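Data first, discussion second: the structure below is written as structure tokens.
Computed over heavy atoms, backbone and side chain alike; hydrogens, waters and symmetry mates excluded. If you're wondering where the values come from, they're calculated on a predicted model, not measured in any experiment.
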Amino acid sequence: MDYKDVINQIYNEVKPMWGQGKVADYIPALAMTDPRQFGIAVQTLDGEMFTVGDAETKFSIQSISKVFTFAMVLRHLGDKIWTSVGREPSGNPFNSLVQLEHEQGIPRNPFINAGALVVTDRLIDLYPRPKEAILDFVRRLTGNDDIYFDHTIARSEREHADRNMALAYFMKSFGNIHNDVETIIDVYCSQCAISMSCVDLARAFRFLANEGVNPLDNEAILTPSQAKRLGAVMLTCGFYDESGDFAFRVGMPGKSGVGGGVVAYIPRNLVIATWSPELNPHGNSLMGIETLERFTTDIQNSIF
Ligand code: GLN
């Protein structure tokens, strides 16, 4: 199928929504992003790529990195990871502290900040050089070695990480964090500050649409069952307290980040990545979600 016309049309229809959302400013370096940017990339598993707008511009992937670190840990720990992090939607904002006390320091899922911090903690247990390992993993998935951390954004987040540090210390008090909190926050802020484009992200998510296998070198990153489960967690938890609405409107598993990126996919078919920095009140890209809703509507295909 030729997706070029579909995404061109959506791009033109959605573009007038500029100005309706708000760029994330709780990380000061992110607040400097020019809000008027918008890109879409569709990668089919047949190997075709379709793009429109700022699809090649690199941006801060932020919480989309949680999918990569979770996949890295899942492939080593397998089902054991589920004793430290759950797989239920939280119904709360991404950086919320409230459930942790009732649930003895076990975060609801790996895609809220608390869950991602536990995952990064396990990643530090597993890899002697965790930051290099993350970059390596993402480069291998995309086939692009030109992927780096944006150190300005990482530093800016580290300087404003009180809430994430509070989450990590609180979980440590329950024994669900093993490593030094400063180290975890350092790795976490770096992973969030990876710069990638829509094209990179659409390539990087192919293994999830492809039953766990990276089509670039046929390496099994995850088993088909792990890929299926990771998709289920993305569908139910990938958009924080907007996950139900995203499933309702879009009908694909996916993940967003406060940098304005959203990646979603239809298993065995395609990956779509969008980027527009203005966010809605849940911290998800306003135009990104609108784009994805129109996409599955127009192509009359989703996971349902
Ligand atoms: N680095 C951000 C944070 O921890 C990521 C949040 C997000 O993208 N939702 O606050």
Item to complete: Report the C-alpha separation of Leu30 and Gln62 in whole Å, then their side-chain angles, then the decisive distance to 0.1 Å, and conclude whether the side chain to side chain contact (heavy atoms under 4.5 Å, CB included) test is met.
Response: CA-CA 10 Å; Leu30 276 185; Gln62 293 297 316; 4.1 Å; yes
Worksheet entry | Inter-residue atom distance Phe170.CZ - Leu117.CG, 0.5 Å rounding | 14.0 Å
Fill in: Within 45° cone of Tyr148 ring axis and under 6.0 Å: Arg139 NZ or CZ
yes
Item to complete: Taking the side chain as every heavy atom from C-beta outward, state whether Phe59 and Leu201 have any atom pair closer than 4.5 Å.
Response: yes
Fill in: Chi angles and distances behind the salt bridge (Lys or Arg N to Asp or Glu O under 4.0 Å) call for Lys131, Asp186
CA-CA 9 Å; Lys131 289 198 218 175; Asp186 179 51; 2.9 Å; yes
Worksheet item: When you look at CZ of Phe248, are more than 12 heavy atoms from neighbouring residues, nucleotides or ligands closer to it than 6.0 Å?
Response: no
Worksheet item: Could you go step by step and tell me if Phe239 and His282 meet the side chain to side chain contact (heavy atoms under 4.5 Å, CB included) rule?
Response: CA-CA 8 Å; Phe239 296 83; His282 301 281; over 6 Å; no
Practice prompt. State, with a plain yes or no, whether a side-chain heavy atom of Gln99 is found less than 4.5 Å away from one of Asn92.
Written response: yes
Practice prompt. Nearest 0.5 Å please: distance from the CD atom of Gln43 over to the CD1 atom of Ile272.
Written response: 12.0 Å
Discussion item. Would you say Ile194 ends up clustered with Tyr127 if hydrophobic residues are merged whenever their side chains have heavy atoms under 4.5 Å apart, either directly or through other cluster members?
Written reply: yes
Practice prompt. Taking only Lys NZ, Arg NE, NH1 and NH2, and the carboxylate oxygens of Asp or Glu, determine whether Asp200 and Lys58 approach each other closer than 4.0 Å.
Written response: yes
Worksheet entry | Gap between atom CG of Leu100 and atom CG of Leu97 - 0.5 Å precision | 6.5 Å
Practice prompt. Might you work through the side chain to side chain donor-acceptor pair (under 3.5 Å) test for Thr120 and Gln191, ending with a clear yes or no?
Written response: CA-CA 9 Å; Thr120 299; Gln191 75 181 58; 2.9 Å; yes
Discussion item. Under the side-chain contact (heavy atoms from CB on, under 4.5 Å) test against Phe295, which residue among Ile40, Val250, Val42, Asn301 passes?
Written reply: Val42
Worksheet entry | Residues Asn113, Arg163; criterion side chain to side chain contact (heavy atoms under 4.5 Å, CB included); working and verdict | CA-CA 10 Å; Asn113 285 12; Arg163 183 172 272 266; over 6 Å; no
Discussion item. Is it the case that over 12 heavy atoms from other parts of the model lie below 6.0 angstrom from the CE atom of Met32?
Written reply: no
Discussion item. Ignoring hydrogens, what is the shortest heavy-atom contact between Ala204 and Thr142? Give both atom names and the distance.
Written reply: CB-CG2, 3.6 Å
Item to complete: Sequence neighbours left out, what pairs pass salt bridge (charged side-chain N to carboxylate O under 4.0 Å, His left out) with at least one residue falling in residues 90-107?
Response: Glu103-Arg108
Worksheet item: Just by distance, do the side chain of Lys255 and the backbone of Ala264 share a donor-acceptor pair under 3.5 Å?
Response: no
Worksheet item: Hey, what do you get for CE (Met171) to CG (Asn176), rounding to the nearest 0.5 Å?
Response: 6.5 Å
Practice prompt. Name the orientation class of the two ring planes belonging to Tyr3 and Phe50 (parallel below 30°, tilted from 30 to 60°, perpendicular beyond 60°).
Written response: perpendicular
Item to complete: Can you see which heavy atom on Ser156 is nearest to which on Ile27, and at what distance?
Response: OG-CG2, 3.8 Å
Discussion item. If the condition is salt bridge (Lys or Arg N to Asp or Glu O under 4.0 Å), which residues does Glu290 pass it with, not counting sequence neighbours?
Written reply: Arg249, Arg294
Worksheet entry | Heavy-atom side-chain proximity of Lys66 to Pro110 below 4.5 angstrom | no
Worksheet, complete the sentence: residues 234-243 vs salt bridge (charged side-chain N to carboxylate O under 4.0 Å, His left out), sequence neighbours excluded, gives none
Fill in: More than 12 heavy atoms of other groups within 6.0 Å of Glu182 CD
no
Practice prompt. Calculate, to the nearest 0.5 Å, the distance between atoms CG and CD1 belonging to Asn280 and Ile289 respectively.
Written response: 5.0 Å
Discussion item. If you apply the rule side chain to side chain contact (heavy atoms under 4.5 Å, CB included), what do you find for Tyr240 with Ser256, and how did you get there?
Written reply: CA-CA 9 Å; Tyr240 321 112; Ser256 66; 3.8 Å; yes
Discussion item. With a 4.5 Å cut-off on side-chain heavy atoms, are Met234 and Phe205 touching?
Written reply: yes
Worksheet item: What pair of heavy atoms forms the shortest contact from Met17 to Leu286, and how long is it?
Response: CE-CD2, 3.6 Å
Discussion item. Using the rule that Ile, Leu, Val, Met, Phe, Trp and Tyr join whenever any side-chain heavy atoms are under 4.5 Å apart, tell me whether Leu208 and Val263 fall into a single cluster.
Written reply: yes
Worksheet item: If you look at every heavy atom in Leu279 and Gly260, which pair is closest and at what distance?
Response: CD2-CA, 3.9 Å
Item to complete: Apply side chain to side chain donor-acceptor pair (under 3.5 Å) to Asp125 and Asn179, showing your working.
Response: CA-CA 8 Å; Asp125 291 340; Asn179 293 284; 2.9 Å; yes
Fill in: Contacts of Asp54 that satisfy salt bridge (Lys or Arg N to Asp or Glu O under 4.0 Å) - sequence neighbours left out
none
Discussion item. Under 4.5 Å between side-chain heavy atoms, counting indirect links through other Ile/Leu/Val/Met/Phe/Trp/Tyr residues: same cluster for Leu77 and Val85 or not?
Written reply: yes
Worksheet, complete the sentence: Taking every heavy atom of Gly283 against every heavy atom of Val258, the minimum-distance pair comes out as O-CG1, 3.8 Å
Practice prompt. Report yes if the side chains of Phe111 and Ser243 come closer than 4.5 Å at any heavy-atom pair, otherwise no.
Written response: no
Worksheet item: If Ile, Leu, Val, Met, Phe, Trp and Tyr residues are connected whenever their side-chain heavy atoms lie under 4.5 Å apart, and connections chain through other members, are Ile81 and Phe68 in the same group?
Response: yes
Worksheet entry | Closest contact, heavy atoms only, Gly212 versus Ala227 | N-CB, 3.6 Å
Fill in: Validation row: Glu157, Asn164 side chains within 4.5 angstrom (heavy atoms)
yes
Worksheet item: Only one of Leu141, Leu45, Ile221 forms a side-chain contact (heavy atoms from CB on, under 4.5 Å) with Arg206, so which one is it?
Response: Leu45
Worksheet item: When the ring centroid of Tyr11 is compared with that of Trp275, is the distance short of 6.0 Å?
Response: no
Fill in: Non-neighbouring partners of Arg75 that pass salt bridge (Lys or Arg N to Asp or Glu O under 4.0 Å), sequence neighbours left out
Glu219
Worksheet item: Are any non-hydrogen side-chain atoms of Ile134 and Met72 less than 4.5 angstrom apart?
Response: yes
Discussion item. Just checking Lys80: does its NZ atom have more than 12 heavy atoms from other residues, nucleotides or ligands closer to it than 6.0 angstrom?
Written reply: no
Worksheet item: Under 4.5 Å between any side-chain heavy atoms of Pro277 and Gln37, yes or no?
Response: yes
Discussion item. With rounding to the nearest 0.5 angstrom, report the CD to CZ distance, Glu293 to Phe246.
Written reply: 9.5 Å
Practice prompt. Using the test salt bridge (Lys or Arg N to Asp or Glu O under 4.0 Å), find all partners of Asp121 that sit at least two apart in sequence or belong to another chain.
Written response: none
